[in-house]
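Reading through the structure tokens given below for one structure.
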Amino acid sequence: MKIATWNVNSLKVRLPHLLQWLDTNPVDVLCIQETKLTDDKFPLAEINAAGYEVAFSGQKTYNGVAILSRLPIGDVVRNNPHYPDEQQRLLAATIGGVRFICAYVPNGQAVGSDKYAYKLAWLAALQEWVRAEMAAHPQFAILGDYNIAPEDRDVHDPAEWAGQIHCSEPEREALRALFGQGLADAFRLFEQPEKQYSWWDYRQMAFRRNRGLRIDHILLSPALAQRCTACTIDRETRKWEQPSDHAPVVATLD
DNA sequence: ATGGCAATAGAGTATTGA
């Protein structure tokens with residue numbers, strides 16, 4: 001089973017890229033974020049035609065998440081039952097005996113801002129939901145855009161980013177709290193090349209200079225981590241015309 | 001220190017992202 005996560009930054013704009021990527025990367029499950037589409041505008045027919053079932057939860061302009069699957073999708077839950085939220089950032093589903101959560105963690109904008117407080121409160125509530133879901137489903141994975149670089153080695157210039165949004169200690173602590181529940185960062189289960197990132201700013205030729213952050217993650221429960229044989233970031237999509245600023249992250253499970 | 005690029009909403013420019 002291959003599973004993946006990708007922040008597409010507007011599914012309306014990126015649908016051709018999504019279909020092209022799935023054509024050459026026919027993963028079994030793909031979690032996408034920032035669809036930015038209300039549900040009535042979701043391109044259901046096109047995705048079904050590509051061989052995927054899909055669950056989605058969207059809104060106008062911002063946020064929006066979806067789970068695409070080649071296998072039947074069951075027990076879909078929108079949002080965190082422990083945290084009422086108008087923003088559509090979370091979607092859970094059971095596929096092939098695995099419980100999945102697709103997550104779009106708030107950006108946080110700037111340390112100390114209202115949006116930063118929302119990010120930390122949202123993450124604290126997520127931890128409670130994850131605890132419950134993991135207890136009920138030993139085969140558990142949470143994939144998405146976390147908007148947090150776990151360590152300095154996940155940052156192109158740690159000095160420039162020190163204490164900044166995506167790298168601040170409270171954010172990293174929130175991520176470590178998830179690791180503390182037994183979740184493993186699939187990417188770090190394996191030997192990896194240095195300077196591997198999943199997001200690059202559109203400005204200042206950041207991609208060509210590899211000035212990026214690794215903020216998109218696949219976290220696996222112990223039972224799933226045991227099944228994981230590879231995890232990679234696919235930089236190719238970022239070279240395409242009019243790309244998303246994020247790259248897909250892919251994990252292989254036995 | 002600020003904006004730089006992109007997407008959206010909506011008709012010039014503001015907001016948000018990361």
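All chains are named by letter (A, B, ...) in the order of the sequence lines, taking the proteins before the strands, and each is independently numbered beginning at 1.
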Using atom [atom1] of [X] as one end and atom [atom2] of [N] as the other, report the distance to the nearest whole Å.
X	N	atom1	atom2	result
Gln59(A)	dA9(B)	CD	P	11 Å
Lys60(A)	dA9(B)	NZ	C1'	7 Å
Lys12(A)	dG10(B)	NZ	P	12 Å
Leu11(A)	dA7(B)	CG	P	13 Å
Gln164(A)	dT2(B)	CD	P	13 Å

Task: Reference residue Gln87(A); test side-chain contact (heavy atoms from CB on, under 4.5 Å); the match among Tyr118(A), Tyr62(A), Tyr104(A) - done: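 By the side-chain contact (heavy atoms from CB on, under 4.5 Å) criterion, Gln87(A) pairs with just one of Tyr118(A), Tyr62(A), Tyr104(A): Tyr118(A).
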Open item on the list: Can you list, by chain and residue number, the hydrophobic cluster partners of Trp200(A) when the side-chain cut-off is 4.5 Å?
Closed with: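 Answer for Trp200(A): Tyr197(A), Phe207(A).
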How far does the [atom1] atom of [N] sit from the matching atom of [M], given to the nearest Å?
N	M	atom1	value
dG4(B)	dT13(B)	P	14 Å
dA14(B)	dG3(B)	P	12 Å
dT8(B)	dA18(B)	P	14 Å
dA6(B)	dT2(B)	P	23 Å
dG10(B)	dT15(B)	P	14 Å

Open item on the list: According to side-chain contact (heavy atoms from CB on, under 4.5 Å), who are the partners of Gln20(A), at least two apart in sequence or on a separate chain?
Closed with: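 Listed in chain order: Trp240(A).
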Task: Residue list, side-chain hydrogen bond (donor to acceptor under 3.5 Å, both in side chains) with Arg209(A), at least two apart or on another chain - done: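 Partners of Arg209(A) under the side-chain hydrogen bond (donor to acceptor under 3.5 Å, both in side chains) test: none.
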Open item on the list: Applying salt bridge (charged side-chain N to carboxylate O under 4.0 Å, His left out) as the test, list every pair that has at least one member in residues 87-103 of chain A; sequence neighbours left out.
Closed with: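 Pairs touching residues 87-103 of chain A that pass the test: Arg99(A)-Glu133(A).
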TODO: Just grab all the salt bridge (charged side-chain N to carboxylate O under 4.0 Å, His left out) pairs involving residues 111-127 of chain A, residues at least two apart or on different chains.
DONE: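 Every salt bridge (charged side-chain N to carboxylate O under 4.0 Å, His left out) pair that includes a residue of residues 111-127 of chain A, provided the two are not neighbours, is Lys119(A)-Glu171(A).
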Task: Summary of protein contacts for nucleotides 13-18 of chain B, nucleotide by nucleotide, where a base hit scores B, a sugar-phosphate-only hit scores S (4.0 Å, heavy atoms) - done: ---SSB
- [ ] Ignoring backbone atoms, establish whether Arg14(A) has a side-chain N or O less than 4.0 Å from OP1 or OP2 of dA7(B).
- [x]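 For dA7(B), OP1/OP2 do have a side-chain N/O of Arg14(A) under 4.0 Å.
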- [ ] Report yes if at least one side-chain N or O of Gln242(A) is closer than 4.0 Å to OP1 or OP2 of dC5(B); otherwise report no.
- [x]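 The answer is no; no side-chain N or O of Gln242(A) sits under 4.0 Å from OP1 or OP2.
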Task: Neighbour count >12 (heavy atoms, 6.0 Å) for atom CD, Glu160(A) - done: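 More than 12 within 6.0 Å, yes.
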